[in-house]
There are 2 protein chains.
Amino acid sequence: MKIDELDKRILKHLQEDSKKTNKEIANDLKLSVTAIYERIKKLERDGIIAKYVALVNPENVGKGFMVLCQIKLIQHKKEILTKFEKDITSLPEVIECLHVSGDYDYILKVLVKDMDEYREFMVAKLTSLDHIGSTKSVFTINKVKQSTIINL
Amino acid sequence: MKIDELDKRILKHLQEDSKKTNKEIANDLKLSVTAIYERIKKLERDGIIAKYVALVNPENVGKGFMVLCQIKLIQHKKEILTKFEKDITSLPEVIECLHVSGDYDYILKVLVKDMDEYREFMVAKLTSLDHIGSTKSVFTINKVKQSTIINL
DNA sequence: TATGAAAAGTGCTATAT
DNA sequence: ATATAGCACTTTTCATA
């Protein structure tokens with residue numbers, strides 16, 4: 001459950017490129033292939049490594065328009081929150097949904113093709129949900145940095 | 001450059017789990033291994049698949065505190081924006097930096113251990129940057145949904 | 001916990017349809 | 001454009017220190 005410096009260096013490799021072979025990592029870290037192998041398996045077992053995924057370039061598949069949608073609910077009763085969270089989670093356009101502090105209750109990260117598709121998402125899906133108080137859309141002008149790498 | 005239904009189904013598999021073998025995918029989609037292989041290679045060449053990565057569970061490595069930090073700059077001259085973006089990109093705590101529309105210029109996604117570490121990040125790193133006008137921190141109460149899967 | 005060698009499985013290439 | 005077959009490489013297991 002506690003990771004040492006070696007684990008961190010392995011994780012750095014795998015967070016950058018999970019296709020790196022154990023051999024490559026072993027060479028870089030001056031260790032045997034099996035040592036690396038066993039460490040990685042342990043990191044997987046312990047849930048440090050959650051999963052391995054392919055990252056798709058949104059721009060190249062017509063999902064280059066990113067909008068952060070802030071949402072305020074009318075009430076804050078538990079059933080309402082739960083229902084809202086369940087509904088939101090089922091929407092594929094919503095890549096991320098955070099329950100947050102501040103003026104709004106939730107912030108969604110929505111990925112669509114363009115403003116037309118976003119409007120469609122708003123009217124057809126979002127505003128038809130129950131208990132939505134108000135929304136505020138923040139449009140992404142530029143993705144300055146986007147990373148999945150956690151610094152350890 | 002244009003992807004068909006089959007490509008989409010392959011991407012769905014790989015976005016969920018990039019460790020799936022071509023054989024597994026081939027079985028599921030009732031195709032030969034080579035057909036799947038060639039398609040995946042094409043998706044990689046065309047930049048549809050950007051990269052393969054290991055996703056680390058932030059909670060399990062002491063980075064469970066996520067803050068969205070909204071930033072307003074004092075000026076909006078090109079040199080200032082460029083400098084700010086360069087500086088921000090180099091900070092490992094900042095997983096994401098978006099240039100956005102609205103009341104603030106930028107929204108950062110910051111990953112740290114706890115409030116103490118966030119305060120340290122603010123005073124030592126963020127507010128020492130030039131041309132920062134004002135900031136507003138939004139704290140994550142709960143990660144309702146977090147996905148890297150783009151719906152195609 | 002790490003190592004090296006052997007076994008099993010996958011990816012890759014060439015060939016064929 | 002998709003399928004089959006052989007080779008190379010990687011992962012995985014095991015014996016050992």
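Both backbone and side-chain heavy atoms feed into the values below; hydrogens, waters and symmetry mates do not. Every chain is numbered from 1 and lettered A, B, ... according to where its sequence line falls, protein lines coming before strand lines.
The interatomic distance linking B/Ile25 (CD1) with C/dG11 (C1') rounds to 13 Å, in whole Å. Separating the CZ atom of B/Arg39 from the C1' atom of D/dT2 is a distance of 10 Å, rounded to the nearest angstrom. Separating the CD1 atom of B/Ile40 from the P atom of C/dT10 is a distance of 14 Å, rounded to the nearest angstrom. Between the C1' atom of C/dT1 and the CD atom of A/Glu5 lies a distance of 18 Å, rounded to the nearest Å. The CG-P distance, from B/Asn27 to D/dA3, rounds to 12 Å in whole Å. For the pair B/Ile36 CD1 and D/dT2 P, the interatomic distance rounds to 9 Å; values are reported in whole Å.
We find the CD1-CG distance between B/Ile3 and A/Asn60 to be 9.5 Å, quoted to the nearest 0.5 Å.
A donor-acceptor pair shorter than 3.5 Å cannot be found between the side chains of B/Asp105 and B/His99. No side-chain donor from either of A/Tyr52 and B/Glu16 sits under 3.5 Å from a side-chain acceptor of the other.
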Under-3.5 Å N/O pairs linking protein and nucleotides 11-15 of chain D:
from	atom 1	to	atom 2	distance (Å)
D/dT11	OP2	A/Asn22	N	3.0
D/dT12	OP2	A/Lys41	NZ	3.4
D/dT12	O5'	A/Tyr37	OH	3.0
D/dT13	OP2	A/Tyr37	OH	3.2

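Residues meeting the ring-ring contact (aromatic ring centres under 6.0 Å, His included) test with A/Tyr104, sequence neighbours left out: none.
A donor-acceptor pair under 3.5 Å is absent between the side-chain atoms of A/Ser137 and the main chain of A/Cys69, judged by distance alone.
The existence of a salt bridge linking B/Lys145 and A/Glu96 is excluded, since no basic side-chain nitrogen approaches an acidic carboxylate oxygen closer than 4.0 Å.
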